[in-house]
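What follows is a short report on a single structure.
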Amino acid sequence: SQKIEQNSEALNIQEGKTATLTCNYTNYSPAYLQWYRQDPGRGPVFLLLIRENEKEKRKERLKVTFDTTLKQSLFHITASQPADSATYLCALGGGTGANNLFFGTGTRLTVIP
Amino acid sequence: NAGVMQNPRHLVRRRGQEARLRCSPMKGHSHVYWYRQLPEEGLKFMVYLQKENIIDESGMPKERFSAEFPKEGPSILRIQQVVRGDSAAYFCASSPVNLRSSSYEQYFGPGTRLTVT
């Protein structure tokens with residue numbers, strides 16, 4: 001079955017720096033990959049979607065890359081702020097026979113003022 | 001435009017009781033997904049429904065769990081004879097299209113936190 005790993009359960013960085021989160025997957029060929037943000041006690045909120053034929057996507061301070069050869073996505077938050085502190089989830093979708101998204105366990109990011 | 005609504009937000013049940021979780025998708029969305037999130041674990045897919053149809057229940061335990069999405073009203077996730085291991089956050093998500101045929105984000109509700117005592 002598919003396996004999705006997100007590096008480090010927790011990541012602490014200084015305000016203003018760039019946070020880089022990693023999502024690696026095996027045993028799956030997704031048609032697209034998504035990143036979500038989840039705050040404590042709340043449901044995930046969609047951030048970005050990148051398709052298998054796209055290398056990079058940007059939205060404001062967010063950047064996502066997708067390497068289907070390495071089976072890896074990198075998620076960057078530039079000029080990080082304390083308000084960016086949350087858990088970030090990667091999710092794969094659109095593979096053969098899949099009606100749903102497959103989620104990683106998430107990386108808890110803390111931006112230190 | 002109201003988002004995905006779930007109720008109750010918190011539910012406490014004693015072992016052996018039934019739990020009913022409700023989800024109203026976003027307006028215009030006819031595809032509903034249920035996920036379970038255990039502490040320190042990722043979201044695990046349970047079931048995917050469209051109006052009056054269960055499309056994929058491959059992630060749902062074979063016993064005690066059932067789901068429906070009637071023509072009128074919210075989607076219901078029902079857990080019979082709950083056990084302590086059912087304690088988790090249950091999230092509902094909706095989308096306007098089928099995720100297998102189209103790339104699209106899911107909109108999540110705030111979740112129902114079930115505690116079995």
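Small disclaimer: the values here were computed from a predicted structure and weren't measured. Side chains are part of it too, since the values below use all heavy atoms of this structure and drop only hydrogens, waters and symmetry mates. Just so we're on the same page: letters track the sequence lines, and every chain starts at 1.
Legend: residues meeting ring-ring contact (aromatic ring centres under 6.0 Å, His included) with B:Tyr107, ordered by chain and number and at least two apart, are B:His29.
In terms of hydrophobic clustering, with Ile, Leu, Val, Met, Phe, Trp and Tyr side chains grouped at heavy-atom distances under 4.5 Å, A:Leu48 and A:Leu21 are assigned to a common cluster. A:Tyr32 and A:Leu89 fall within a single hydrophobic cluster, where Ile, Leu, Val, Met, Phe, Trp and Tyr side chains are chained together by heavy-atom contacts under 4.5 Å. One hydrophobic cluster, built from ILVMFWY side chains closer than 4.5 Å, cannot hold both B:Met26 and B:Leu49; they sit in different ones. B:Tyr48 and B:Met60 are assigned to two separate hydrophobic clusters, defined by single-linkage of ILVMFWY side chains at heavy-atom distances under 4.5 Å. Hydrophobic cluster membership differs between B:Met5 and B:Leu21, with clusters built from Ile, Leu, Val, Met, Phe, Trp and Tyr side chains linked at under 4.5 angstrom.
With a threshold of 4.5 angstrom between heavy atoms, B:Gln37 approaches chain A through side-chain atoms but not through N, CA, C or O. Contacts of A:Gln6 with chain B are absent, with no heavy-atom separation under 4.5 Å from either backbone or side chain.
Atom NZ of A:Lys3 is surrounded by 12 or fewer heavy atoms from other residues, nucleotides or ligands within 6.0 Å.
Taken from CZ in A:Arg42 to CZ in B:Phe91, the straight-line distance is 11.0 Å, to the nearest 0.5 Å. In this structure, the separation between CH2 on B:Trp34 and CG on A:Asn100 is 15.5 Å, given to the nearest 0.5 Å.
Counting heavy atoms from C-beta outward, B:Leu43 and A:Phe102 have side chains that stay 4.5 Å or more apart. You'll find the side chain of B:Gln106 stays beyond 4.5 Å of the side chain of A:Gln34, heavy atoms only. Within the 4.5 Å cutoff, side-chain heavy atoms of A:Tyr36 are placed close to those of B:Glu105.
Residues B:Tyr35 and A:Phe103 bring their aromatic ring centres within 6.0 Å.
Interface residues of residues 54-64 of chain A toward chain B, defined by a heavy-atom distance below 4.5 Å: none. The contact list for residues 109-117 of chain B toward chain A, using heavy atoms and a distance under 4.5 Å, reads B:Gly109, B:Pro110, B:Arg113 by residue number.
Contact count against chain B (heavy-atom pairs under 4.5 Å) is highest for A:Pro44 among A:Ala91, A:Gly106, A:Pro44.
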Scan the side chains in residues 10-20 of chain A for donor-acceptor partners under 3.5 Å anywhere in the protein, sequence neighbours excluded, and list what turns up.
from: A:Gln14; atom 1: NE2; to: A:Pro113; atom 2: O; distance (Å): 3.4
from: A:Thr20; atom 1: OG1; to: A:His76; atom 2: ND1; distance (Å): 3.0

